[in-house]
Novice: 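My questions will all concern the structure given below.
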Amino acid sequence: MIAFAVLENLILFLLAVGLGNAVLRLPTVVRLLPDPGRISPLQAWLAGGAILMNAVVTVAGWGLWKAGVIRLDSVVSARVAVDFIALLLLMDLLMYAGHALAHRPALFPLAHALHHRFVDA
């Protein structure tokens with residue numbers, strides 16, 4: 001399962017990069033930032049780390065499904081809709097909280113400054 005999760009997330013990453021590059025080549029696209037050029041070794045390591053972290057989440061989800069905590073069902077019901085909306089809101093709240101926490105002065109240099117190094121370049 002771990003190998004499958006890593007492969008799945010690698011394929012998703014490559015598809016996202018490929019689609020992003022294809023969109024940037026459309027004649028109507030206006031770049032907001034200059035072309036960054038080739039990726040650096042640091043960016044390659046960060047991308048690999050993101051793929052591995054996403055694989056961990058995939059394996060955790062599989063484990064929860066095997067334990068019966070997550071149930072997959074093809075029948076759409078009010079319960080499925082409520083669960084979907086609740087998970088979407090919870091995930092959004094946790095992403096906001098994590099991002100706000102990463103901007104705290106004590107944590108910013110450790111947790112988030114590298115992200116802004118690439119975004120603000």
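The first residue in the sequence is number 1, and the count goes up from there.
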Novice: State which residues pass side chain to side chain contact (heavy atoms under 4.5 Å, CB included) with V82; sequence neighbours excluded, sorted by chain then number.
Specialist: none

Novice: How long is the gap from CG on L46 to CG on L42, to the nearest 0.5 Å?
Specialist: 4.5 Å

Novice: Look at the side chain of R25 and the backbone N and O of N21, then say whether any donor-acceptor pair between them is shorter than 3.5 Å.
Specialist: yes

Novice: If I compare all heavy atoms of M1 with all of V59, which pair ends up nearest, and what's the gap?
Specialist: O-CG2, 4.3 Å

Novice: Does W62 share a hydrophobic cluster with V69, counting links as ILVMFWY side-chain heavy atoms below 4.5 Å and allowing steps through other members?
Specialist: yes

Novice: List the residues meeting side chain to side chain contact (heavy atoms under 4.5 Å, CB included) with I39, not counting sequence neighbours, and say none if there are none.
Specialist: Q43, A44

Novice: Among L52, I11, T58, find the residue that satisfies the side-chain contact (heavy atoms from CB on, under 4.5 Å) test when tested with V6.
Specialist: L52

Novice: Report the hydrophobic cluster partners of V17, with the cluster defined as I, L, V, M, F, W, Y residues connected by side-chain heavy atoms closer than 4.5 angstrom, directly or transitively.
Specialist: L10, F13, L14, I51

Novice: Determine whether more than 12 heavy atoms belonging to other residues, nucleotides or ligands lie under 6.0 Å from atom CZ of R31.
Specialist: yes

Novice: Going by side chain to side chain contact (heavy atoms under 4.5 Å, CB included), name the residues that satisfy it together with A60, two or more places apart in sequence or in a different chain.
Specialist: none

Novice: Holding to side chain to side chain contact (heavy atoms under 4.5 Å, CB included), I want the full list of residues that pass it with S74, two or more places apart in sequence or in another chain.
Specialist: none

Novice: For atom CG of L107, is the number of surrounding heavy atoms from other residues, nucleotides or ligands below 6.0 Å larger than 12?
Specialist: yes

Novice: Output the distance between atom CD1 (I2) and atom CG (L7), rounded to the nearest 0.5 Å.
Specialist: 13.5 Å

Novice: When L89 is tested against each of D92, I85, L87 for side-chain contact (heavy atoms from CB on, under 4.5 Å), which residue passes?
Specialist: I85

Novice: Could you list the cluster mates of L26? Members are the ILVMFWY residues connected by side-chain heavy atoms closer than 4.5 Å, either directly or through other members.
Specialist: L19, V23, L24, V29

Novice: Give a yes or no on whether F4 and W65 share a hydrophobic cluster (residues Ile, Leu, Val, Met, Phe, Trp, Tyr; joining criterion: side-chain heavy atoms under 4.5 Å apart).
Specialist: yes

Novice: Inspect the surroundings of CZ in F84 and state if more than 12 heavy atoms from other residues, nucleotides or ligands are less than 6.0 Å away.
Specialist: no

